[in-house]
Amino acid sequence: MADTSEVISKIFNEFNTFLVNDQDTREKIRDAVRTLEQTAREIMTTLQAIHQKSGLSDVLSVCKKARDMFVSIQAQFKALQETFPAEQYYRYSDHWKFGIQRLAFLASLIIYLEGEKLASREEVAQLLGVAVKKEDGFHIDLEDFLHGLLTLANELSRLAVNSVTLVLLTTAQDSCVPERSRLRLPSPKPQERQSPEKIRRFEV
Amino acid sequence: MYSTPMVTPTHCIPILILSFLFGSVFQQELDTKHDKYERIVKLSRDITIESKRIIFLLHRISGDSNKDDVMEEACDRISDIQSSLLSKVAEELVSEDMFQFLHAFTAGLQEYIEAVAFYVYVKHGCLVTKRELEEKYLRLRKSPTAKEGEPKSQETEATSSPEDKAPIAKEPEDIQTKPEPISFDIPPLEFILGLADFTGELMRLCINSIGDGDLQLPFDVVDFLRKVYDGFQLVGNQSGRELTRKVRTLRQSLWKVENVCYTLQVRVLDTQAHVTGRYKYERKGDESYGKPEIET
């Protein structure tokens, strides 16, 4: 009988140790994720400038500013990776799922604003400083990347509206282009677009 | 002024690439994952059903009359689960992060742990440890083991095999030789949750054994259950809602079992006293309050 109690208490002691360690790890992850999300919010604030007239007229420098902030994001992802064993990504992935979706959106927004193109998974991952494939360590899940693109679509439709208000028709037209290609509509031919000179006449 | 650095449509991802990305690369990747998930869910459900059957089988033991037969059958069925269903799960998990799919088979795994824990308790009267479970009851082999050396009954699992077998049949040479052992670790939380379920079976065992007229087993079980409960007390409620809920159920079972044992004890003492005629009253005037004194 004494033997049974010993076995039982051993089982539960082991489990207790496991729990304590697990909680320590989660605590560290939470801290790392908190700093990540903080930086993400800062980037978001920076990028919101594109909805203002001043920001919209100088999108590239806004992007530059935001891009520079991604350097600290990369470092923070490195720090996050060190808090847990690499093969247990999905055990803890709930903690950073939201943050990485947000960052994927921000990265794809920057890439769109800079080059008017839809970001690829590789580009986003590179900007975040994470891998694309599961085998290569800390990676961005396909779902999270796609989630980021969905948010991008929302944001671009808002940008389209706002840039009309700001009478910058070029942007309004362009932000429809990825949707156009998905729907297999012909892309607008370059000569059909209004040249910057023409637009300037509409400017208030 | 928003200056577009590049204005030609070539800078947008061309239609073909986009539809290729969404239509085939991403879709395929997601489909592969979801299919795997579904397959595991299916296996998990089969494991749950079979484990439940084993538990019911073990409850059918009454006294020593059929114990050996039942134990033998239970043992066979447990190894059947290992060689078929659990091995298939392990195969799906090869080179995957098991936590990605844990949600798909946690129910089946817990039920299996419950069945094994119950089996071990009935057999040896002790609690199964995680290592014992992994070493003895999680011996998994790569798929085509059925032909190897076990002519055991396979009536129960005839489900979901055709598509599972398809990807394995690539190297017929390999199949003929030794089936490769594969395994996965049981996450500690799942193990403990399985044990929590197992306490429910102990409660049932205790109540059933009283029905059978066994006067020793209920007390053994309640003793054991109390120790397990102490273990759970040590853990407290620090590991999530599911465990807290299960521990609450455990407390109710224990409460029920303890009450039953109390009643049983009182009745036994009462009966003994009456039968032996040694029911003595401490007389206080002519009141008939008193306590039984059992002389041994």
Side-chain angles (χ1 to χ4, degrees), chain A residues 1 3-5 7-16 18-20 22-23 50 56-60 87-93 114-121 134-135 141-143 145-146 163 166 168 170-171 174 177-178 180-182 184-190 193 196 199-200 203, chain B residues 1-19 21-23 25-26 29-30 33 95-103 121 124-132 187-189 191-192 195 220 223-224 226-236 238-240 243:
Chain A
M1 267 316 184
D3 194 33
T4 333
S5 328
V7 171
I8 292 175
S9 70
K10 190 162 160 266
I11 287 176
F12 284 97
N13 276 323
E14 267 171 22
F15 182 59
N16 220 7
F18 159 77
L19 276 184
V20 170
D22 190 56
Q23 259 156 13
I50 56 168
L56 192 57
S57 54
D58 196 11
V59 166
L60 284 183
E87 70 277 6
Q88 300 189 350
Y89 180 90
Y90 286 100
R91 175 182 216 151
Y92 302 111
S93 64
E114 284 174 347
E116 293 188 22
K117 59 180 185 139
L118 189 61
S120 70
R121 197 158 30 143
K134 184 161 58 183
E135 295 82 54
D141 220 19
L142 178 57
E143 272 108 330
F145 165 66
L146 292 178
S163 49
L166 299 167
L168 284 164
T170 345
T171 327
D174 287 348
V177 168
R180 259 172 209 270
S181 12
R182 271 207 72 189
R184 306 185 179 207
L185 296 174
S187 311
K189 291 192 187 85
R193 292 199 194 174
I199 298 164
R200 210 161 282 147
E203 224 173 324
Chain B
M1 173 76 220
Y2 177 53
S3 58
T4 35
M6 322 155 208
V7 277
T8 50
T10 46
H11 295 285
C12 310
I13 295 188
I15 303 167
L16 271 178
I17 295 185
L18 249 181
S19 64
L21 272 180
F22 278 94
V25 177
F26 293 167
E29 201 176 320
L30 289 177
K33 205 184 94 182
S95 76
E96 297 282 353
D97 182 344
M98 77 175 285
F99 291 100
Q100 189 175 8
F101 299 100
L102 185 60
H103 202 68
Y121 176 74
H124 305 293
C126 62
L127 193 61
V128 70
T129 63
K130 186 162 161 307
R131 183 175 304 139
E132 194 182 345
L189 182 62
F191 174 64
I192 293 292
L195 289 189
D220 292 348
D223 207 42
F224 183 75
R226 221 175 266 143
K227 283 175 189 155
V228 177
Y229 179 68
D230 289 348
F232 275 103
Q233 289 299 94
L234 184 74
V235 173
Q238 47 180 334
S239 61
L243 189 62

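Numbers restart at 1 for each chain; the letters A, B, ... are given by sequence-line order, proteins then strands.
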Point-to-point distance, once rounded to the nearest 0.5 Å, from CG of A:Leu142 to CD of B:Glu29 | 4.5 Å
dist A:Ile11:CD1 -> B:Leu195:CG (nearest 0.5 Å) comes out at 6.0 Å
Proximal component of A:Tyr92, with respect to chain B [non-hydrogen, under 4.5 Å] | neither
When the 4.5 angstrom heavy-atom criterion is applied to A:Tyr89 and chain B, the contacting part is both
Which atoms of B:Phe232 approach chain A - backbone, side chain, both or neither, heavy atom under 4.5 Å | both
Part of B:Leu189 lying under 4.5 Å from any heavy atom of chain A = both
By salt bridge (charged side-chain N to carboxylate O under 4.0 Å, His left out) - contacts of B:Glu96 (at least two apart) | A:Lys134, B:Lys36
B:Leu127 and A:Val7: which non-hydrogen atoms are nearest, and at how many Å?
-> O-CG1, 3.7 Å
Which atom pair, heavy atoms only, marks the closest approach of A:Gln88 to B:Asp97?
-> C-OD2, 3.8 Å
Side-chain contact, heavy-atom cut-off 4.5 Å: [X] with [Y]?
X       : Y        : value
A:Phe15 : B:Lys130 : no
B:Leu30 : A:Leu146 : yes
A:Phe12 : B:Asp230 : no

Under the side-chain contact (heavy atoms from CB on, under 4.5 Å) test, residues paired with A:Asn13 that sit two or more places apart | A:Ser9, B:Leu234
Assess whether salt bridge (Lys or Arg N to Asp or Glu O under 4.0 Å) is satisfied between A:Glu14 and B:Arg131, documenting all intermediate values.
-> CA-CA 11 Å; A:Glu14 267 171 22; B:Arg131 183 175 304 139; 5.4 Å; no
